[in-house]
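Structure first, then comments.
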Amino acid sequence: MSTKLEFVDLKSQYAALKERIAERMQRVLDHGQYIMGPEVAELEQRLAAYTGAKHCITVASGTEALLIALMALDLKPGDEVITTPFTFAATAEMIVLLGGVPVFVDIEPDTCNIDASLIEAAVTPRTRAIMPVSLYGQCADMEAINAVAARHGLAVVEDAAQSFGASYRGRKSCNLSTFGCTSFFPSKPLGCYGDGGAVFTNDDALAQACREIRVHGQSARYTHTRVGVGGRMDTLQCAIVLAKLERFEWELQRRQALGARYQALLDGAALELLRVRPDRDCVWAQFTVAVERRDAVQQALRDAAVPTAVHYPRPLHQQPAYATDAFGPLPNAVRAAGRVLSLPMSADLGEADQDRIVHALRRAVGSA
Ligand SMILES: Cc1ncc(COP(=O)(O)O)c(C=O)c1O
């Protein structure tokens with residue numbers, strides 16, 4: 001008899017961590033410092049040490065992390081930020097919210113990350129920053145991107161919402177550029193039980209700016225040195241991430257083993273697998289494949305009780321809020337948006353369930 005498959009199995013994770021989470025939460029309830037309590041600084045120290053970045057500033061969400069990083073860079077109306085059209089909307093949304101202009105550059109077809117070789121041609125005198133997204137848990141070619149940025153005096157903001165824990169050439173995601181911004185949305189590789197996020201940087205002045213912006217621009221209590229936001233992460237959410245950190249390395253290894261297993265089991269099937277470049281790894285925030293006739297495949301999987309999702313069905317340059325043809329047709333992003341399909345993935349996915357998913361998918365694409 002088959003049990004119900006979860007797209008992201010947070011229930012098993014909670015069962016494994018229940019006591020630690022309860023202990024951590026109880027401590028917060030006992031000391032009562034719900035805002036900026038000691039768990040906030042403790043988590044920031046732990047995450048900074050984990051990534052190797054000098055500074056970690058926890059914030060209210062991954063979206064807020066992007067906003068605060070761009071505000072710390074003092075992005076001005078009309079400033080251009082080069083980014084990918086194949087991402088969650090928050091990436092471009094925060095640029096636009098500050099009056100900036102997202103300049104979309106096409107993606108690599110085999111990783112779905114921004115194509116670093118196309119970035120330099122998109123630089124103009126208005127360009128202020130490059131914002132690559134480490135999509136599905138694999139970093140873009142950050143050294144190539146940093147090299148373009150260095151040649152033109154630009155900042156690089158890694159949208160690492162999906163890649164906390166990933167490595168690139170021996171360094172951790174979030175510590176690869178001017179800023180790394182991650183999300184602790186519950187289903188992310190490292191999640192809390194609500195909204196949360198963090199900004200990472202090695203620059204003391206930018207870190208101080210982020211700390212101030214997070215609390216309405218205050219450099220001291222009721223001294224509003226700059227314009228900021230209400231962008232803090234709750235103490236309770238920090239406590240939950242601290243509890244989850246205790247199992248995080250094991251979870252990463254499981255995700256990587258399951259990702260490799262999916263790739264091996266789907267080898268030769270009538271679909272495209274994304275490639276992981278040899279100089280980096282992937283934490284598989286999503287395990288995503290590309291298929292023909294996606295709607296039919298998704299329906300066949302639904303009939304087999306296999307939940308799936310589409311990350312993302314429309315590239316941002318074709319979304320009503322960001323529609324533009326100013327940057328060309330961006331064919332790789334358009335093609336990916338029509339074909340990608342994400343399969344169940346979490347550290348607690350069992351091999352028997354994974355076999356069942358693979359069997360159903362192979363049947364659905366006609367290569368059982
Ligand atoms: C690439 C990307 N950027 C930004 C975000 C926003 O993160 P949050 O939901 O924590 O605001 C997400 C989350 O879905 C994301 O996947």
Side-chain angles (χ1 to χ4, degrees), residues 7-8 10 43 47 56-71 81-98 100 102 104-105 107 111-114 129-140 142 145 156-166 173-174 176-177 179-200 210 214 229-234 237-238 240-241 244 255 274 282-288 309-317 319 321-322 333 336-337 340 342 345-346:
F7 184 67
V8 176
L10 292 176
L43 180 63
L47 297 182
C56 168
I57 302 102
T58 56
V59 295
S61 67
T63 304
E64 207 77 9
L66 296 171
L67 180 67
I68 290 173
L70 291 175
M71 287 175 77
V81 180
I82 298 172
T83 191
T84 167
F86 193 58
T87 176
F88 183 60
T91 316
E93 189 178 38
M94 294 304 105
I95 300 167
V96 172
L97 200 66
L98 293 174
F104 296 119
V105 160
I107 58 170
T111 66
C112 288
N113 273 326
I114 192 167
I130 307 171
M131 197 187 268
V133 177
S134 301
L135 198 74
Y136 304 142
Q138 176 180 202
C139 294
M142 294 300 287
I145 293 169
V156 177
V157 180
E158 180 196 9
D159 181 342
Q162 303 181 9
S163 61
F164 191 82
S173 173
C174 293
L176 299 171
S177 53
F179 279 117
C181 298
T182 200
S183 162
F184 304 124
F185 187 83
S187 60
K188 296 293 192 229
L190 181 61
C192 58
Y193 286 157
D195 278 310
V199 182
F200 296 82
C210 290
R214 169 174 72 173
V229 293
R232 297 164 305 223
M233 182 167 165
D234 298 351
Q237 296 300 345
C238 290
I240 288 160
V241 177
K244 288 205 191 181
R255 279 178 178 280
L274 294 181
C282 184
V283 295
W284 302 112
Q286 315 295 342
F287 188 89
T288 303
V310 175
H311 303 99
Y312 297 92
R314 252 205 245 188
L316 294 186
H317 67 292
Q319 288 283 0
Y322 309 99
V340 288
S342 301
M345 170 54 92
S346 34

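Whatever order the structure lists them in is the order used to number ligands and atoms, beginning at 1.
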* Starting from atom 15 (C) of ligand 1, find the nearest protein heavy-atom neighbour and note its residue, name and distance. => A161 CB, 3.5 Å

* Judged by atom type as modelled, is there a donor-acceptor pair below 3.5 Å linking the side chain of T182 to the main-chain atoms of A160? -> yes

* Asked: Looking at CE of M233 and CD1 of I240, how far apart are the two atoms once the value is rounded to the nearest 0.5 Å?
  -> 8.0 Å

* **Polar contact flag for S183 and ligand 1 (N/O pairs, less than 3.5 Å)** => yes

* Quick one: does Y312 get within less than 4.0 Å of ligand 1, heavy atoms only? -> yes

* Asked: Which residue owns the protein heavy atom closest to atom 16 (O) of ligand 1, what's the atom, and how far is it?
  -> Q162 NE2, 2.9 Å

* Under 3.5 Å, N or O to N or O, is A90 touching ligand 1 that way? -> no

* Asked: Does any N or O atom in D159 lie less than 3.5 angstrom from one in ligand 1, N or O only?
  -> yes

* Gap separating the CD1 atom of I130 from the CD atom of E158, nearest 0.5 angstrom -> 13.0 Å

* For T63, atoms of ligand 1 separated by under 4.0 Å from a heavy atom -> 6 (C), 7 (O), 8 (P), 11 (O)

* For N113 and L135, indicate whether the former's side chain and the latter's backbone hold a donor-acceptor pair under 3.5 Å. => yes

* To do: Among all protein heavy atoms, pick the one closest to atom 8 (P) of ligand 1 and tell me residue, atom and distance.
  => G62 N, 3.5 Å

* Between R255 and W284, is there a donor-acceptor pair closer than 3.5 Å when you use the side chain of the first and the backbone of the second? -> yes

* Quick one: look up the protein heavy atom nearest atom 9 (O) of ligand 1 and list residue, atom name and how far away it is. => F185 CD1, 3.9 Å

* Asked: For the side chain of T83 and the backbone of M131, is there at least one donor-acceptor N/O pair under 3.5 Å apart?
  -> yes

* Can you find an N/O atom of T87 closer than 3.5 Å to an N/O atom of ligand 1? -> no

* To do: Would you mind listing which atoms of ligand 1 come within a distance below 4.0 Å of any non-hydrogen atom of V133?
  => 1 (C)

* Side-chain donor or acceptor of Y136 paired with backbone N/O of H311 under 3.5 Å -> yes

* Asked: At under 4.0 Å between heavy atoms, which part of K188 makes contact with ligand 1: side chain, backbone, both or neither?
  -> side chain

* Structure fact -> Value for OG1 (T87) from CG (D159), rounded to nearest 0.5 Å, stands at 5.5 Å

